[in-house]
Amino acid sequence: MSMVLKGCLNIWRDCLLFVIIRMNNWYKLICNNCELQLSGTLNGGQSFRWSKHLEDNQECWIGVFKKRVWILKQNETEILYKVFETKCGFEKKEIEERNELYNNILKDYFQLNLSLREYYQQWSEADPIFKKAAQQFYGIRILNQDVTENIFSFICSSNNNISRISSMVNKLAKFYGDKICEINGETYYSFPDVENLTQPGVEAKLRENGFGYRAKYITKSAEMIKEKGGEMWLEKLKGMDYEEAKESLMTLTGIGAKVADCICLMSLGHLGALPVDTHVYQIAAKFYMPHIRNKKTVTKKMYDEIGDHFRKLYGPLAGWAHTVLFCADLKKFQGEL
DNA sequence: CGCCTACCTACCCG
DNA sequence: ACGGGTAGGTAGG
């Protein structure tokens with residue numbers, strides 16, 4: 001009986017500890033802001049799960065990944081953050097230990113082991129247009145995102161705009177993910193597993209909710225992944241080289257060259273993958289490859305030609321470099337420049 | 001291969 | 001007011 005009581009007290013203490021930590025303290029991760037610019041990185045069309053959020057009158061970003069809700073802000077030298085998990089009586093770990101665990105997750109997500117300074121310098125020397133974009137868009141990082149979330153998010157992206165893509169991805173989480181927590185009246189959900197998207201009735205529900213023809217792509221691709229081995233297939237995908245991974249992804253319905261490259265670049269670590277969409281085509285035609293101007297559609301040959309041009313210009317991390325250009329173009333387009 | 005068209009929906013712009 | 005154009009494309013002919 002006293003054992004049970006003691007257990008309860010421990011859980012209660014952990015809960016209290018958790019509440020105190022999460023309400024009053026920000027975890028810290030040392031990171032110079034020239035190595036990571038949160039706004040451009042989180043709001044640049046890579047992930048559709050982040051939104052701006054004011055806390056103590058400071059700009060923060062709130063988003064979900066790894067089944068946790070994260071609130072991030074930064075100053076010159078640090079990332080300051082809070083984390084919210086489903087369970088409050090989690091493993092008994094001291095604050096420092098938890099800070100280290102979370103820091104490692106963030107380092108992995110933002111790929112902080114890769115130092116941007118030397119690459120930005122290299123890309124600036126190779127290309128004056130990059131150099132100009134880099135002045136404002138320093139610290140733009142490729143996020144290392146979850147493959148499943150990436151696959152279904154970018155299936156939603158076809159012939160679509162960012163605000164509607166975001167609303168679709170959030171609906172997928174709300175309908176088929178797990179509830180994590182509630183913050184300021186807003187409920188946050190993890191992104192669903194493939195298995196959850198293969199339940200009967202998903203396509204109809206998504207259609208009712210404005211997904212359009214993408215509803216079928218989502219359910220069909222989920223079923224195809226399940227048939228190929230589900231989680232096993234996804235793990236195998238992670239072990240493939242760029243060409244093989246891209247080819248495998250393109251066997252799924254709703255995934256063509258562009259979407260496959262997004263997934264390769266942003267969740268499989270193939271940093272030379274270079275998604276060519278209308279923006280990139282416009283940039284390429286305007287500044288780099290005048291001979292492709294006035295083409296109606298991007299043919300496969302042209303797609304590869306544009307990618308190869310940038311890979312030759314920027315080298316093996318061309319996908320990363322191009323994201324900086326893309327980000328600059330996107331902001332200009334959104335009137336934020 | 002290259003080119004064409006249909007596909008859902010919401011929002012912008014004239 | 002209302003209709004065409006378009007938004008980080010893809011599949012099927």
Side-chain angles (χ1 to χ4, degrees), chain A residues 40-50 133 137 140 142-143 145 149-172 202-225 246-267 273-287 291-292 294-308 310 318-337:
Chain A
T41 301
L42 299 177
N43 197 27
Q46 290 189 59
S47 168
F48 304 96
R49 293 277 267 160
W50 292 95
F137 296 95
I140 301 298
I142 299 292
L143 299 170
Q145 300 184 72
E149 176 166 340
N150 239 269
I151 287 173
F152 294 101
S153 296
F154 282 98
I155 284 177
C156 291
S157 77
S158 82
N159 205 353
N160 206 347
N161 58 66
I162 290 181
S163 94
R164 186 153 76 116
I165 301 164
S166 305
S167 109
M168 287 177 175
V169 175
N170 285 320
K171 279 178 192 172
L172 285 177
V202 173
E203 187 185 337
K205 171 121 177 155
L206 295 182
R207 276 203 175 260
E208 281 167 30
N209 280 276
F211 280 63
Y213 57 83
R214 301 166 197 84
K216 192 180 207 104
Y217 291 167
I218 289 168
T219 53
K220 199 161 175 205
S221 281
E223 275 158 24
M224 287 169 85
I225 292 171
K246 182 171 175 179
E247 206 176 313
S248 298
L249 284 165
M250 285 174 69
T251 63
L252 301 177
T253 183
I255 299 186
K258 189 267 174 182
V259 169
D261 274 331
C262 285
I263 298 162
C264 284
L265 175 64
M266 300 171 197
S267 60
L274 204 146
V276 178
D277 54 37
T278 52
H279 288 267
V280 175
Y281 164 70
Q282 300 290 342
I283 295 170
K286 191 170 175 188
F287 298 112
H291 65 281
I292 61 168
N294 306 321
K295 302 281 183 189
K296 280 180 185 167
T297 52
V298 179
T299 63
K300 179 179 162 26
K301 190 183 159 196
M302 225 163 84
Y303 187 100
D304 293 335
E305 199 183 327
I306 293 169
D308 288 342
F310 285 115
W320 195 309
H322 116 288
T323 302
V324 179
L325 284 189
F326 179 82
C327 205
D329 193 66
L330 193 64
K331 295 295 175 192
K332 194 161 48 184
F333 191 69
Q334 290 174 352
E336 291 181 28
L337 194 65

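The chains referred to below are lettered A, B, ... by the order of the sequence lines, with proteins before strands, and numbering in each begins at 1.
- Contact record, A/Gly40 with A/Cys327: O-SG, 3.5 Å, taken as the closest heavy-atom pair.
- Rounded to the nearest Å, the gap between the P atom of B/dA6 and that of C/dG8 is 23 Å.
- Nucleotide C/dA7 forms a Watson-Crick or G-U wobble pair with B/dT9, both donor-acceptor distances falling under 3.5 Å.
- Side-chain atoms of A/Glu149 and A/Ser267, non-hydrogen and from C-beta on, never get closer than 4.5 Å to each other.
- Here the nucleotide nearest the side chain of A/Pro275, chosen from C/dA7, B/dG2, C/dG8, is C/dG8.
- Checking C/dG9, B/dC3, B/dA10 against the side-chain heavy atoms of A/Arg164 singles out B/dA10 as nearest.
- Ring pair A/His322/A/Phe326 is tilted by interplanar angle, where 30° to 60° counts as tilted.
- Look at A/Thr278 and you'll find a side-chain N or O under 4.0 angstrom from OP1 or OP2 of C/dG9.
- Of all nucleotides listed (C/dG8, C/dG9, B/dC3), C/dG9 comes nearest to the side chain of A/Tyr213.
- For a distance-only test at 3.5 Å, the side chain of A/Lys258 qualifies as a donor-acceptor partner of the base of C/dG8.
- Under the 3.5 Å distance criterion, with hydrogens and angles disregarded, no donor-acceptor pair is assigned to the side chains of A/Asp308 and A/Tyr303.
- Among C/dA7, B/dG2, C/dG9, the nucleotide with an atom closest to any side-chain atom of A/Asp277 is C/dG9.
- Mapping A/Ser158 and A/Lys296 onto DNA chain B by nearest heavy atom places A/Lys296 closer to the 5' end of the strand.
- Straight-line distance between the C1' atoms of C/dA1 and B/dC11: roughly 16 Å, to the nearest whole Å.
- Of the candidates B/dC8, B/dG2, C/dA11, C/dA11 carries the atom nearest the A/Tyr217 side chain, counting heavy atoms from C-beta on.
- For A/Tyr281 and C/dG9, a side-chain-to-base donor-acceptor distance below 3.5 Å is absent, hydrogens and geometry of angles not being considered.
- A sub-4.0 Å separation between OP1 or OP2 of B/dC7 and a side-chain N or O of A/Arg214 is absent.
- Rounded to whole Å, the separation between the C1' atoms of B/dC8 and C/dT6 comes to 13 Å.
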